[in-house]
Number of protein chains: 2
Amino acid sequence: MSSEVQLDTIDRAILKELQKDGRLANQDLAQRVHLSPSACLRRVKRLEESGVIAQYVALINPKAVGKQGTSYTIINLERMTTAALDAFEAAVLASPDILDCFYVAGSNDYMIRFAYKDAEDLERFHTQVLMQLPEVARSNSMLVLRTIKKSTAFPL
Amino acid sequence: MSSEVQLDTIDRAILKELQKDGRLANQDLAQRVHLSPSACLRRVKRLEESGVIAQYVALINPKAVGKQGTSYTIINLERMTTAALDAFEAAVLASPDILDCFYVAGSNDYMIRFAYKDAEDLERFHTQVLMQLPEVARSNSMLVLRTIKKSTAFPL
DNA sequence: GGTGAAAAGTTAGCTTT
DNA sequence: AAAGCTAACTTTTCACC
């Protein structure tokens, strides 16, 4: 549906601004893209309704909610049967600690992302969450030591 | 700074709502957390100024801007000297195609994330971007085939 | 796509608990 | 010290050009 929407230069300018500041007032946005507020609002609504803009969110500082770090973990399943995948995925969906989970190409792996409070919490995650997931053969954690770049926005 | 801010139950309720809808009107937010608009606004401003809320952003549908898929790539450098890391990181920062880059624990690796338009664009990325990065010894790409879960929000 | 006016939302000073 | 009240101000929204 939204994959077929044609975007012009102004639409892209709007998306660029809104990806930087999702709370930008329509009046200010209109000024930045050289449009009247009403014309600008019509475009924004169209972008929202067509699903080009999926969601507006507040990004919060992980440290402020006690999350000291993030880890990416690559997971290999024991069996690649539908039942095994389903069981694994259901467990992932049920775990609030797991923030992201992707089925990735390569050697039939999953990759998950989670945030931890401290070393103790990280250990808890490994023993209480990771090791409890069904069908896991191997897992390889990559703790984030430093962030060079992090973006929620796409280049336009 | 923001790591020391004490959050009470109402603050957490506010963050929970704003992580789901960053454009929620203050009046509506106030109602959901059972506060008057002015009291609610004071708390939101405090959360913003203390850096607990880092940013508001619009999340856009990758397909709508022509991005068919995402890939995570693990990168091993040839040498782990400061100069090598600096050269690599400078090149990463200069590449608009690379959305995220983390220095991760394990075998002295980096992990990067990028989005591609189609198979051709993916190949372009590998030959024009990945292979041009300095100091790269090995890289291992994990194409996202399916997303089981994806979240920008932290559980509160 | 722009204009203008009504409706809705924001915000700050002051009072109350 | 933090919440509520009120009222001025700003922004959104929409019928109409």
Side-chain angles (χ1 to χ4, degrees), chain A residues 1-67 152-154 156, chain B residues 1-61 64-66 152-156:
Chain A
M1 54 192 270
S2 54
S3 39
E4 306 145 27
V5 180
Q6 231 6 71
L7 303 175
D8 66 13
T9 312
I10 298 181
D11 289 323
R12 274 189 286 272
I14 289 174
L15 293 175
K16 216 167 172 176
E17 294 297 330
L18 256 18
Q19 286 191 116
K20 280 190 292 195
D21 180 3
R23 270 200 124 153
L24 193 59
N26 182 59
Q27 283 190 150
D28 296 344
L29 177 59
Q31 219 168 358
R32 294 198 196 179
V33 301
H34 311 293
L35 236 68
S36 69
S38 61
C40 184
L41 185 65
R42 271 194 294 264
R43 279 172 180 266
V44 172
K45 291 280 175 241
R46 197 172 57 76
L47 291 168
E48 289 169 2
E49 272 148 31
S50 64
V52 174
I53 295 175
Q55 197 186 359
Y56 295 96
V57 298
L59 301 179
I60 72 177
N61 183 336
K63 297 227 173 101
V65 290
K67 302 294 192 180
T152 56
F154 291 99
L156 297 170
Chain B
M1 53 190 256
S2 56
S3 38
E4 308 144 26
V5 179
Q6 230 6 71
L7 304 175
D8 66 14
T9 312
I10 298 181
D11 289 323
R12 274 189 286 272
I14 289 174
L15 293 175
K16 215 167 173 175
E17 294 298 330
L18 256 18
Q19 285 191 114
K20 280 190 293 195
D21 180 2
R23 270 201 125 153
L24 193 60
N26 181 59
Q27 281 189 153
D28 296 344
L29 177 58
Q31 220 168 356
R32 295 199 196 178
V33 301
H34 311 294
L35 245 85
S36 69
S38 58
C40 184
L41 184 65
R42 272 192 293 264
R43 279 173 179 267
V44 171
K45 291 280 176 241
R46 196 171 59 77
L47 291 168
E48 287 169 5
E49 274 149 31
S50 64
V52 173
I53 296 175
Q55 198 187 0
Y56 295 96
V57 297
L59 300 180
I60 73 177
N61 185 336
V65 290
T152 56
F154 291 98
L156 296 170

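Note on naming: letters A, B, ... go to the chains in the order of the sequence lines (proteins, then strands), and numbering restarts at 1 for each one. Quick note: numbers below take in every heavy atom, side chains included, and nothing from hydrogens, waters or symmetry partners.
Side-chain atoms of A:R42 and base atoms of C:dG2 include a donor and an acceptor less than 3.5 Å apart. Side chain B:S38 to base D:dT6: no donor-acceptor pair is found below 3.5 Å.
Here the side chains of A:L18 and A:Y56 are in contact, with some heavy-atom distance below 4.5 Å.
Remark: C1' of D:dT11 and CG of A:L41 are 11 Å apart, rounded to the nearest angstrom. Going from atom CD of B:E48 over to atom P of C:dT10 covers 12 Å, rounded to whole Å. In this structure, the CZ atom of B:R43 is 8 Å from the P atom of D:dA2, given to the nearest Å. With rounding to whole Å, B:L47 atom CG is found 13 Å from D:dA2 atom P. Distance A:L35 CG to C:dT3 C1': 14 Å, rounded to the nearest Å. Counting to the nearest Å, the P atom of D:dT11 and the CD atom of A:Q31 are 10 Å from each other. In this structure, A:Q27 atom CD and D:dT11 atom C1' are separated by 5 Å, rounded to whole Å. The CG atom of A:L29 sits 20 Å away from the P atom of D:dT10 (whole-angstrom rounding).
Among the candidates B:R46, B:R42, B:K16, the single residue satisfying the salt bridge (Lys or Arg N to Asp or Glu O under 4.0 Å) test with B:D11 is B:R46. When the options A:R23, A:Q19, A:E17 are evaluated for a side-chain contact (heavy atoms from CB on, under 4.5 Å) with A:D21, the one that passes is A:R23.
Within 4.0 Å of B:R46, counting heavy atoms only, lies no atom of the nucleic acid at all. If you check every strand for non-hydrogen atoms under 4.0 Å, B:R23 touches nothing.
Scanning all heavy atoms of the two residues, the minimum distance from B:R43 to B:I10 falls at NH1-CB, 3.7 Å.
Across D:dT11, D:dT13, D:dG4, the shortest atom-to-atom separation from the side chain of A:A25 is found for D:dT11.
A donor-acceptor pair under 3.5 Å links the side-chain atoms of A:N26 to the main chain of A:P37, judged by distance alone.
For the pair B:N26 and A:I10, nearest-nucleotide mapping onto DNA chain C gives the more 5' position to A:I10.
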